[in-house]
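Worksheet for the structure shown next.
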Amino acid sequence: MPCSWLTLVFAVLPSVASVAQAAIVEHTFSVSTLSLPRVCQPGNVTVTAVNGRVPGPEIEAREGDTLVVHVINDSPYNVTVHWHGVFQRGTPWADGPAMVTQCPIRAGHRYTYRFAVAGQEGTLWWHAHSSFMRSTVHGALVIRPRRGAGAGDGYPFRTPDEEKTVLLGEWWNGDTVVLENQAFSTGKTMRNADAYTINGMPGDLYGCPEMTNIRIAKFEVSRDKTYLLRIINAALNTAFFFKVAGHTFTVVAADASYTEPYETDVVVIAPGQTVDALMAADASPGCYYMAISSYQSANPSPPFNGNTSTAVVEYIDAAAATSDPSRSPVFPTLPEPNDTFTAHQFYTSLTALVRPSRLTVPLAVDTRMFVTVGLGFSFCQPTQTQCTSNQTVVATMNNVSFTFPTTVSMLEAQYRNTPDGVYTRDFPDQPPVVFDYTNTSLPQALSSTGSPSTKVKTLRYNATVEMVLQNTALVGRESHPMHLHGFNFFVLAQGFGNYDDGDAAGEEKLNLVNPQERNTIAVPTGGWAVIRFVADNPGMWAMHCHIDAHLRIGLGMVFEVESGPTPETALPPPPPDFPQC
Ligand SMILES: *[C@@H]1O[C@H](CO)[C@@H](O)[C@H](O)[C@H]1NC(C)=O
Ligand SMILES: *[C@@H]1O[C@H](CO)[C@@H](O)[C@H](O)[C@H]1NC(C)=O
Ligand SMILES: *[C@@H]1O[C@H](CO)[C@@H](O)[C@H](O)[C@H]1NC(C)=O
Ligand SMILES: *[C@@H]1O[C@H](CO)[C@@H](O)[C@H](O)[C@H]1NC(C)=O
Ligand SMILES: *[C@@H]1O[C@H](CO)[C@@H](O)[C@H](O)[C@H]1NC(C)=O
Ligand SMILES: *[C@@H]1O[C@H](CO)[C@@H](O)[C@H](O)[C@H]1NC(C)=O
Ligand SMILES: *[C@@H]1O[C@H](CO)[C@@H](O)[C@H](O)[C@H]1NC(C)=O
Ligand SMILES: *[C@@H]1O[C@H](CO)[C@@H](O)[C@H](O)[C@H]1NC(C)=O
Ligand SMILES: [Cu+2]
């Protein structure tokens, strides 16, 4: 055995669902409670999981397939499932965010999601979109090119010898639904994760003497083969640096959009994002650590979990088997937690792979929005019964703190044209007050915010929207990973400080040639990003921070996209078995 400590290991590789032969890919997701061992503490904890494992089952499809997923909720909680990054063209009812597109599937009930994955390929994922359940209710959703698409497997890069899913997560020694409710009722945010995980396992660096069962993921490789790593950040609240000792990567896609090949030895990935990276097994045969540590963009920095989580990459060649058995794995050098330079370098180095079939950037803009994003303070809500100081941190976009409606989903209200009491159409295009957004020493009064509300921005069908996302520094500087449902957007520019629209060089700063397409943009800490998308899919599409702790306190808004002129572009009716509130 080439790695000395492997006797301690039981490795669980992600299970591979049967390869889709037909155009319909069908799965049954049984959601129920599961007992799993605590990290660094004795005993087990009860969590919610799909089909008895964390992460849950991987869905494999080909572009153009139809997915049919029966969700059977045998858990004590209400649940919904979101298909993160799937466009849901013509199927807005299947998107999944609770109270935006659907009422939750109640405990003891079931619901079947049906939608096609068309016009997109790459690495996506699915996760619960209700409460904080996605900490354990998540899994990969891999869309491969359709059969016969181009040479090889249809990839616009050399076909890899093998593919490996690498799901990054956060683990709590507790039930995150309970922990969230406790924290929110006291007006505080949930405590930090107890561990980070790779494919559900924390690795061997948590240094707990009582831990005899070290749980660590293992990736077996053969010398000179090339692996496509499908890396997904499923963590609730933490961005990661990702490395493999002795190896480098060629990034070929992000958020299921192909990129120009980008060579790097570190991958930076915010919650909600995915990165596809080729890794050649070209090191000398042996054992190497794969490792993740947190990227802490916040300044001033709150306490965070500074641990490194590990997996192991093991060469299984004959040569490796004869190498020194006492050798422990080689460890990579990870960036400092506050290494914003490395994060920015990675995020801004990605550009789209220009292909004839690819969408091009829309050049004429119909709707321009300038949206501030950040934290502020407010009074406790009546539901926050345990608040002691009657002050709580809230999160806002253009000074509006978002709250989900409680009686009916927003999409049903849109469909029936009965928004009264559910949402209002006054999400502002501009911040109400123009100020020095990235100044950290502004008067306290600016950071106070009103009560949460449910505001949408209504868009005409096919409108081209440009949005400047401007992070604020009222409470602290921080990078917010902003996720848009229903669409990819082009990332035209990003930078630090205040976005200066009046700058004559403004338009020239925009990449209108080969900007990366994403569904989640990590807006630089103390900075801004410019995105553009075409609203050609009617429905209710949430845009929110993918840090769950921020979404819970209001960091979101919703686009209401109107029907188009033809029957095919009209908002379809809800499925007959749609969950009711
Ligand atoms: C703890 O979790 C492990 C892994 O799921 C399981 O095998 C074991 O039965 C659980 N122990 C208890 C006491 O529930
Ligand atoms: C590492 O994780 C353990 C267990 O959750 C925690 O007690 C410890 O504080 C963490 N270490 C650091 C440096 O954050
Ligand atoms: C990062 O943190 C270290 C240690 O706290 C500090 O010395 C350094 O100045 C910080 N770097 C940046 C870029 O903030
Ligand atoms: C908190 O402050 C607000 C505004 O002054 C007030 O309306 C509310 O009643 C207060 N809540 C509690 C629990 O004191
Ligand atoms: C930040 O705002 C404060 C208060 O308005 C002001 O005194 C200070 O000069 C500003 N800082 C910068 C760098 O503009
Ligand atoms: C936000 O709105 C509150 C009132 O609800 C106001 O007092 C505050 O100045 C506003 N802040 C900003 C930054 O617009
Ligand atoms: C949508 O807009 C594009 C140009 O922006 C136009 O070519 C297309 O015809 C429009 N589609 C519909 C259905 O209006
Ligand atoms: C679950 O959903 C139902 C229907 O929307 C609602 O009445 C109930 O309060 C929810 N339960 C919990 C625990 O949130
Ligand atoms: Cu955020």
Side-chain angles (χ1 to χ4, degrees), residues 10 12 32-49 51-55 136 169-175 179 190-197 200-215 235 237-238 240 291-296 301-310 334 336-338 370-379 391 393-402 426-453 455 470-475 498 554:
F10 70 89
V12 182
S32 59
T33 52
L34 176 68
S35 179
L36 287 175
R38 290 188 160 88
V39 171
C40 272
Q41 283 174 14
N44 279 14
V45 63
T46 297
V47 301
T48 309
N51 297 355
R53 48 201 152 103
V54 179
T136 50
E170 272 177 305
W171 170 263
W172 278 263
N173 289 329
D175 180 332
L179 293 173
M190 198 165 87
R191 68 176 162 86
N192 290 325
D194 293 305
Y196 306 130
T197 56
M201 288 168 269
D204 59 351
L205 295 189
Y206 278 79
C208 327
E210 69 271 29
M211 264 176 77
T212 46
N213 264 343
I214 291 174
R215 295 181 305 126
N237 302 324
T238 300
F240 292 120
I292 54 170
S293 62
S294 74
Y295 164 46
Q296 289 294 323
S301 171
F304 62 94
N305 187 324
N307 282 296
T308 298
S309 291
T310 52
L334 287 151
E336 290 294 312
N338 60 355
F370 185 98
V371 180
T372 56
V373 174
L375 305 183
F377 294 102
S378 190
F379 300 113
Q391 195 196 45
V393 174
V394 296
T396 62
M397 295 175 75
N398 275 349
N399 204 19
V400 178
S401 187
F402 181 83
D426 55 350
F427 182 83
D429 287 349
Q430 306 286 332
V433 179
V434 173
F435 60 101
D436 184 359
Y437 307 109
T438 47
N439 186 326
T440 47
S441 45
L442 293 175
Q444 177 84 14
L446 272 176
S447 57
S448 73
T449 288
S451 300
S453 55
K455 294 184 191 300
Q470 172 71 60
N471 275 334
T472 67
L474 291 166
V475 173
N498 297 331

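Values reported hereafter were calculated over all heavy atoms of this structure, with side chains retained and with hydrogens, waters and symmetry mates removed. Since we're looking at a predicted model, the values are computed, not measured. Numbers here simply count residues along the sequence, with the first being 1. Just so you know, ligand 1 is whichever comes first in the structure, and atom 1 is the first atom listed for that ligand.
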Looking at the rings of Phe304 and Tyr295, which for Trp means the six-membered one, are their centres under 6.0 Å apart?
-> no

*asked:* With nothing but distance in play, are any N or O atoms of Thr449 less than 3.5 Å from an N or O of ligand 6?
replied: no

ask   = Would you say the side-chain atoms of Asn498 pair up with the backbone N or O of Thr438, donor to acceptor, closer than 3.5 Å?
value = yes

query: Between the side chain of Thr238 and the main-chain N/O of Ser294, is any donor-acceptor distance below 3.5 Å?
result: no

Are there any N/O pairs under 3.5 Å between ligand 2 and the protein, and if so, what are their distances?
{"residue": "ligand 2", "atom": "2 (O)", "partner": "Asn307", "partner atom": "ND2", "Å": "2.1"}
{"residue": "ligand 2", "atom": "5 (O)", "partner": "Asp194", "partner atom": "O", "Å": "2.6"}
{"residue": "ligand 2", "atom": "11 (N)", "partner": "Asn307", "partner atom": "ND2", "Å": "3.1"}
{"residue": "ligand 2", "atom": "14 (O)", "partner": "Gly306", "partner atom": "N", "Å": "2.8"}

Under 4.0 Å from one or more heavy atoms of Asn399, ligand 6 contributes atoms 1 (C), 2 (O), 3 (C), 8 (C), 10 (C), 11 (N), 12 (C), 14 (O)

Strictly distance-based, threshold 3.5 Å: is any side-chain N or O of Asn439 a donor or acceptor partner for the main-chain N or O of Ser441?
yes

Checking heavy atoms under 4.0 Å, the part of Pro431 that sits near ligand 6 is neither

Val39 backbone acceptor or donor facing Asn173 side chain under 3.5 Å
yes

Quick note on ligand 1: atoms under 4.0 Å from a heavy atom of Leu36 include exactly 2 (O), 5 (O)

- Message: Can a side-chain donor-acceptor contact be found between Tyr196 and Thr308 if the only test is distance below 3.5 angstrom?
- Response: no

Within 4.0 Å of some non-hydrogen atom of Val433, the atoms of ligand 6 are 14 (O)

Q.
Less than 3.5 Å apart, any donor N or O on the side chain of Ser309 or Asn307 sitting next to an acceptor on the other?
A. no

Within 4.0 Å of some non-hydrogen atom of Pro432, the atoms of ligand 6 are 14 (O)

- Query: So, does Trp172 use its side chain to make a donor-acceptor pair with the main chain of Arg191 at under 3.5 Å?
  - Reply: yes

Near Gly450 (heavy-atom distance under 4.0 Å), the atoms of ligand 6 are 5 (O)

What verdict does the side chain to side chain donor-acceptor pair (under 3.5 Å) test give for Asn305 and Asp194, after you've listed the backbone C-alpha separation in whole Å, the side-chain angles of each residue and the deciding distance to 0.1 Å? CA-CA 7 Å; Asn305 187 324; Asp194 293 305; over 6 Å; no

